[in-house]
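In this chain, residues are counted from 1 in sequence order.
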Amino acid sequence: MKNHHRIATVVAIISAACAPHALLAQPADMPVPVAAPAPAEPGALPLYGDKTPGSAAGENWSLYFGRDYNVRNVTRPTLTPVLPDPAKATGAAVIVAPGGAFMGLSMSHEGWQVAHALADRGIAAFVLKYRLLPTPPDEKASGAFIWQKMSAGLREPDQMPTLTDPAATEDGLAALRMVRANAAKWGVDPARVGMIGFSAGAMTSLATVIAAKPGEVPAFFGYIYGPQARIAVRDDAPPMFDAIALDDPLFPSRGFQIAQGWLAAKRPVEIHGYQKGSHGFGLGVPGTTTTMMLDEFVAWLSMQGFLTKKVAP
């Protein structure tokens with residue numbers, strides 16, 4: 001449990017899209033990830049087919065505590081399907097967007113683990129490895145660089161961060177298109193394709209919602225420990241599941257302004273503010289109610305009718 005909490009703390013630092021302070025001091029005891037060979041990514045599909053840009057050769061993979069993969073310098077985006085047992089498949093699909101300050105992706109903690117947990121619950125999951133802002137190849141140098149970029153992209157807590165990545169939004173939109181285009185092959189309903197994102201991945205999911213053309217927005221989305229600043233909400237905004245720990249050091253609690261925007265627009269929204277969990281809790285920190293987040297998200301999807309199988313006429 002202690003090690004798990006430490007992992008969550010490290011991921012909190014690395015996966016933050018920003019923080020509500022004018023300047024962050026990098027912790028002296030922040031562990032440096034250990035460079036690692038790229039893991040096998042069975043089933044990973046180039047996001048744009050033959051037109052997919054970039055190369056995997058320039059990616060920098062690393063491990064935290066010998067087991068949690070993180071990747072930087074992604075220029076070749078991919079989508080990895082993690083499909084449920086057909087016997088319990090609901091027909092719903094969720095694109096999973098890991099976090100990492102738009103300069104890294106927490107592939108294990110907020111990607112593959114989440115996708116497999118969704119598939120276990122009968123929901124088709126698709127891990128999105130989206131394009132990132134460049135960082136120095138060296139792990140130690142990249143840590144300082146990321147910290148500096150994060151600090152430079154900060155705003156007040158009541159405003160959205162300036163640190164963004166338009167390519168990530170493009171990849172979010174492309175992922176929606178890919179899943180819908182292959183819905184029959186993957187056994188999903190194109191009308192029930194949504195997203196869930198963590199930290200910078202939450203911001204990517206939100207940006208995808210904002211940028212999508214009418215009729216092409218995600219059917220729903222989970223906004224997990226994203227900044228809570230209020231935004232203008234489109235009339236056709238999809239249902240939003242908004243979850244964050246109230247002791248999040250990067251987005252300290254100042255209410256749920258983004259959810260208030262959804263309410264003002266008369267769009268469906270559910271809020272979960274966990275007493276403890278810090279930032280980057282992923283599937284949950286043992287001993288806290290954040291461990292219930294995914295089941296609550298799934299229950300919310302069920303309440304919205306997204307897990308109800310269509311009956312053939």
Side-chain angles (χ1 to χ4, degrees), residues 38-56 59 71 74-86 89-100 102 105-107 110-119 121-132 165-198 200-224 236-239 297 301 306-307 310:
E41 295 181 82
L45 304 170
L47 190 58
Y48 299 90
D50 293 340
K51 297 181 180 179
T52 301
S55 169
E59 294 176 356
V71 64
V74 173
T75 60
R76 182 173 175 79
T78 63
L79 194 69
T80 301
V82 180
L83 303 179
D85 182 336
T90 62
V94 177
I95 295 163
V96 181
F102 297 113
L105 292 174
S106 182
M107 294 298 291
E110 297 170 343
W112 301 324
Q113 291 173 15
V114 174
H116 282 283
L118 287 166
R121 291 159 174 79
I123 300 169
F126 300 84
V127 180
L128 175 61
K129 187 168 80 172
Y130 53 88
R131 286 172 288 175
L132 298 171
D165 183 4
T169 304
E170 293 176 9
D171 293 345
L173 294 168
L176 284 171
R177 291 193 297 269
M178 175 179 276
V179 174
R180 286 168 172 158
N182 291 277
K185 179 175 71 174
W186 289 326
V188 303
D189 179 355
R192 291 187 285 145
V193 179
M195 300 184 74
I196 188 170
F198 299 79
M203 294 178 65
T204 296
S205 297
L206 176 63
T208 301
V209 167
I210 294 170
K213 296 178 181 178
E216 297 181 3
V217 296
F220 55 83
F221 77 115
Y223 188 72
I224 315 302
D236 61 346
F297 175 65
L301 290 178
F306 290 117
L307 303 187
K310 284 188 174 181

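Qualifying salt bridge (charged side-chain N to carboxylate O under 4.0 Å, His left out) partners for Asp189, counting only residues two or more places apart in sequence or in other chains: Arg192, Lys310. Under the rule for a side-chain hydrogen bond (donor to acceptor under 3.5 Å, both in side chains), Glu216 has no partner lying at least two apart in sequence or in another chain. For Glu59, the side-chain hydrogen bond (donor to acceptor under 3.5 Å, both in side chains) test picks out Trp61, Lys129, with sequence neighbours left out. Residues satisfying the side-chain contact (heavy atoms from CB on, under 4.5 Å) criterion with Ala124, sequence neighbours excluded, are Leu83, Pro84, Ala93, Phe126, Val188. Residues that satisfy the salt bridge (charged side-chain N to carboxylate O under 4.0 Å, His left out) test with Arg121, not counting sequence neighbours, are Asp295.
Looking only at side-chain heavy atoms (C-beta outward), Val114 and Val94 stay at 4.5 Å or farther from each other. By the 4.5 Å heavy-atom criterion applied to side chains, Pro53 and Arg131 are counted as neighbours. In this structure, Pro81 and Trp186 have side chains that are in contact, with non-hydrogen atoms separated by less than 4.5 Å. Side-chain contact between Val82 and Leu118 is absent, with no heavy atoms from C-beta onward closer than 4.5 Å. Side-chain contact between Thr78 and Thr52 is absent, with no heavy atoms from C-beta onward closer than 4.5 Å.
Contact detail for Arg180 and Pro218: the closest heavy-atom pair is NH2-CA, 3.8 Å. The nearest pair of heavy atoms linking Pro239 to Ala219 is CD-O, 3.2 Å. Closest non-hydrogen pair, Val209 versus Pro238, comes out as CG1-CD, 3.5 Å. The shortest heavy-atom contact between Gly111 and Pro98 is CA-CG, 3.9 Å. Shown here for Pro46 and Arg76, the closest heavy-atom pair between the two residues is CB-NH2, 3.6 Å. Summarising the geometry of Tyr48 relative to Pro77, their closest heavy-atom pair is CE1-CG, 3.8 Å, with the distance given to 0.1 Å.
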Ile123 and Leu301: CA distance, side-chain angles, deciding distance, side-chain contact (heavy atoms from CB on, under 4.5 Å) verdict = CA-CA 10 Å; Ile123 300 169; Leu301 290 178; 4.0 Å; yes

Given Thr90 and Phe306, is the side-chain contact (heavy atoms from CB on, under 4.5 Å) satisfied, shown in steps?
-> CA-CA 8 Å; Thr90 62; Phe306 290 117; over 6 Å; no

Go through Leu206 and Tyr223 one step at a time and tell me if the side-chain contact (heavy atoms from CB on, under 4.5 Å) criterion holds.
-> CA-CA 7 Å; Leu206 176 63; Tyr223 188 72; 3.9 Å; yes

Assess whether side-chain contact (heavy atoms from CB on, under 4.5 Å) is satisfied between Thr169 and Tyr130, documenting all intermediate values.
-> CA-CA 8 Å; Thr169 304; Tyr130 53 88; over 6 Å; no

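Residue pairs that meet the salt bridge (charged side-chain N to carboxylate O under 4.0 Å, His left out) test with at least one member in residues 202-213, sequence neighbours left out, do not exist here.
Separating the CG atom in Leu105 from the OG1 atom in Thr204 is a distance of 8.5 Å, to the nearest 0.5 Å. Between the CG atom of Leu128 and the OG1 atom of Thr208 there is a distance of 8.0 Å, given to the nearest 0.5 Å. Going from atom CD of Glu170 over to atom CG of Asp165 covers 8.5 Å, rounded to the nearest 0.5 Å.
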